[in-house]
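The structure appears right after this line, and notes come after that.
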Amino acid sequence: MNQKFLFIITLLLTGFFNTIAQESHNSELFLELKAQDSIFFERSFNQCDLEYLQRNISDELRFYHDQGGMQDREQFLLNTEKNICSNPDLKPVRQVEPGSLEVYPLYRDGKLYGAVQHGKHNFYIREPGKEDRWTGIARFTHLWLRKDKSWILTEVLSYDHREPRPEEIETRKLNRLLQENNVPAVGLAIIEKRKLISSSVYGSLDGVIPAPPNTIFKVASLTKPVVALTTLRLIDQGKLDLDEPLYKYWVDPDLKEDKRYKKLTPRLVLSHQTGFPNWRYLDENNKLTFQFDPGTGYQYSGEGFEYLRKAIENKLQKPIEDLAHELIFKPAGMTDTRFWWDDSMDESRYARNFDVAGELIPTNKYYEANAAANLLTTVTDYGRFLEYVINGAGLSTKLFREMTRKQAEVGEKSYFGLGWEILTGFTQGEYALLHTGKDPGVSTLAIMFPESGNGYLIFMNGDNKDKIYETLLTQKLYLGNELWNSR
């Protein structure tokens with residue numbers, strides 16, 4: 001048995017098992033072994049139910065530890081009682097790392113007789129009245145044998161023990177915060193002195209599958225700054241004018257009898273002074289109307305951006321996707337961003353969306369561009385966009401200044417420029433260019449401080465956002481405490 005197990009371990013560690021199919025995470029066997037492992041370790045070691053432990057390990061158990069040597073069943077039980085279960089006021093506990101489990105079935109003559117289980121354990125010290133203290137990490141490999149419809153642990157390998165690194169401790173704290181607030185994932189990008197210095201994703205795509213660094217998020221209204229900059233680049237190239245009437249290229253059928261449509265310009269759209277509502281479908285008549293004269297006030301409007309898109313596309317005879325790719329994505333180095341679910345969309349990387357209660361929201365796939373919403377991108381890609389903007393965005397100095405000038409008053413110390421909200425009143429002589437995004441299961445924030453060249457980006461795939469924003473802003477991010485207190 002020992003030689004057989006060591007042969008299996010050798011194959012596993014040399015990558016042999018990567019050439020054969022491991023069990024799907026949704027398969028009956030995987031879920032059964034996952035539950036068995038969870039119950040076994042919780043009862044045997046965390047709760048110290050030693051009678052249960054004895055019933056569920058083989059008489060021939062062998063335990064291999066990279067620091068403690070090899071133990072047989074008798075030594076293993078003795079050490080468990082002595083080292084793990086002797087002091088309830090200073091109790092070692094262990095938990096499996098979510099998403100780390102792998103299961104490889106073992107068959108004889110087509111009949112399942114066992115399974116190799118591979119994963120990672122996290123070790124903690126539990127003291128009464130205190131938060132569990134994370135003390136270690138190790139990999140494990142188990143050989144489970146099937147006996148009378150039960151699973152018996154027969155061989156154990158525990159190896160690669162080490163202490164958690166400081167950044168891993170911070171990651172664990174953030175993952176716990178996500179779990180407590182029913183938000184599966186958060187993406188965070190940091191810009192310092194006009195350079196994108198980091199982009200990270202924490203948590204999971206759907207509550208189970210770990211979120212990769214290139215997780216694709218839906219970012220809702222963070223689409224608007226991309227379209228706004230595309231428009232400004234066209235203006236800088238002389239293909240459009242900031243104050244030219246849009247009716248030459250597009251008039252919405254709902255507005256044909258209201259001649260105020262002749263007042264609409266790119267400037268009024270980008271500064272949200274069209275007089276439009278946010279969306280016409282919010283009106284009981286489902287018709288687009290002016291709620292005040294264009295240019296006489298501020299009102300946030302997705303309809304305005306869609307109006308601008310149709311006018312630009314009609315004038316230039318190019319879709320907004322192609323214009324954005326040529327003028328923004330390519331020069332900014334954005335290689336993983338799209339307006340809709342095109343053929344390049346890798347759904348396996350998509351961060352599924354969840355409501356306040358942590359319930360999954362059905363994914364609504366879009367197959368045409370919307371200038372105001374639905375952009376699909378990664379933290380790294382949009383971080384590159386912010387870096388591009390804060391370094392001038394390829395615009396003339398005059399037009400960049402116009403973009404960051406107060407075009408419309410929103411509230412106290414708050415204005416709208418061209419495509420960005422402008423927040424004033426920060427210390428250190430700072431002001432901020434800011435935009436947020438909110439859809440069901442989507443919460444996003446992008447902010448830049450042009451004076452220092454600092455900025456950051458936060459993506460979440462859940463509705464329960466406030467506590468996460470508060471923690472990140474007040475504890476980690478540049479002038480975040482002032483931003484949080486100004487909300």
Side-chain angles (χ1 to χ4, degrees), residues 99 171 174-175 178 183-192 195-230 320-321 324-354 361 363-366 369-391 393 435-439 441-448 455-462 465 468-469 472 476-477:
T171 297
L174 186 51
N175 285 336
L178 294 174
V183 175
V186 63
L188 181 65
I190 306 292
I191 293 173
E192 287 186 4
K195 293 290 185 182
L196 176 64
I197 64 166
S198 68
S199 59
S200 306
V201 180
Y202 306 88
S204 67
L205 295 174
D206 57 0
V208 178
I209 300 172
N214 62 347
T215 291
I216 298 172
F217 289 87
K218 179 183 175 184
V219 297
S221 288
L222 288 194
T223 308
K224 292 184 180 73
V226 172
V227 172
L229 186 56
T230 302
I320 194 67
E321 304 97 307
H325 184 271
E326 174 188 343
L327 299 171
I328 307 298
F329 299 166
K330 189 174 181 180
M334 300 168 68
T335 59
D336 207 1
T337 300
R338 54 198 58 77
F339 279 86
W340 43 277
W341 290 68
D342 61 19
D343 292 339
S344 70
M345 175 62 181
D346 181 0
E347 189 171 349
S348 69
R349 293 189 281 128
Y350 180 67
R352 304 287 296 277
N353 305 108
F354 291 77
I361 298 172
T363 300
N364 189 3
K365 299 179 181 179
Y366 298 87
N370 185 315
N374 303 331
L375 192 74
L376 298 162
T377 188
T378 67
V379 176
T380 299
D381 251 29
Y382 209 96
R384 288 171 179 159
F385 173 68
L386 295 188
E387 182 184 58
Y388 185 60
V389 173
I390 208 167
N391 282 289
H435 212 291
T436 60
K438 189 73 190 79
D439 271 342
V442 176
S443 305
T444 58
L445 164 69
I447 187 168
M448 298 170 289
Y456 39 86
L457 175 68
I458 303 172
F459 290 170
M460 285 181 275
N461 62 336
K465 64 188 186 302
I468 297 166
Y469 274 143
L472 292 175
K476 298 178 181 296
L477 300 174

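One is the number of the first residue; the rest follow in order along the sequence.
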Nearest non-hydrogen partners of Tyr366 and Trp340, listed with the distance: O-CB, 3.1 Å
By ring-ring contact (aromatic ring centres under 6.0 Å, His included) - contacts of Phe385 (at least two apart): Tyr382
For Ile191, all residues meeting side chain to side chain contact (heavy atoms under 4.5 Å, CB included), sequence neighbours excluded: Leu196, Leu386, Glu387
Set of residues satisfying salt bridge (charged side-chain N to carboxylate O under 4.0 Å, His left out) with respect to Glu326, sequence neighbours excluded: Lys318
Considering all heavy atoms, the nearest Ser443-Gly462 contact: OG-O, 2.9 Å
For Thr380, all residues meeting side chain to side chain contact (heavy atoms under 4.5 Å, CB included), sequence neighbours excluded: Ser199, Thr378, Arg384
Selection residues 201-226 - residue pairs positive for side-chain hydrogen bond (donor to acceptor under 3.5 Å, both in side chains), sequence neighbours left out: Ser221-Lys224, Ser221-Tyr300, Lys224-Tyr300
Counterpart residues, ring-ring contact (aromatic ring centres under 6.0 Å, His included), relative to Phe217 (two or more places apart): Phe459
All side chain to side chain contact (heavy atoms under 4.5 Å, CB included) counterparts of Pro210, not counting sequence neighbours: none
Leu477 side, atom CG; Ile458 side, atom CD1 - distance, nearest 0.5 Å: 5.5 Å
Derivation of the side-chain contact (heavy atoms from CB on, under 4.5 Å) call for Asp439 and Asn374: CA-CA 9 Å; Asp439 271 342; Asn374 303 331; 4.0 Å; yes
Interatomic spacing from CG in Leu457 to CG in Leu188 - rounded to 0.5 Å: 7.5 Å
Residue list, salt bridge (charged side-chain N to carboxylate O under 4.0 Å, His left out) with Lys438, at least two apart or on another chain: Asp463
Partner residues of Asp346 under the salt bridge (charged side-chain N to carboxylate O under 4.0 Å, His left out) criterion, sequence neighbours left out: Arg349
Those residues that, when tested against Thr363, pass side chain to side chain contact (heavy atoms under 4.5 Å, CB included) (two or more places apart): Trp341, Tyr350, Arg352, Lys365
Audit row: Ile216, Thr377, side-chain contact (heavy atoms from CB on, under 4.5 Å) steps and yes/no: CA-CA 5 Å; Ile216 298 172; Thr377 188; over 6 Å; no
Those residues that, when tested against Lys330, pass side chain to side chain donor-acceptor pair (under 3.5 Å) (two or more places apart): none
Partners meeting side chain to side chain donor-acceptor pair (under 3.5 Å) with Tyr469 (sequence neighbours left out): none
Spatial distance of atom CG (Leu327) from atom CG (Leu229) [nearest 0.5 Å]: 8.5 Å
Atom pair CD1 (Ile190) and OG (Ser198), whose distance is rounded to the nearest 0.5 Å: 5.0 Å
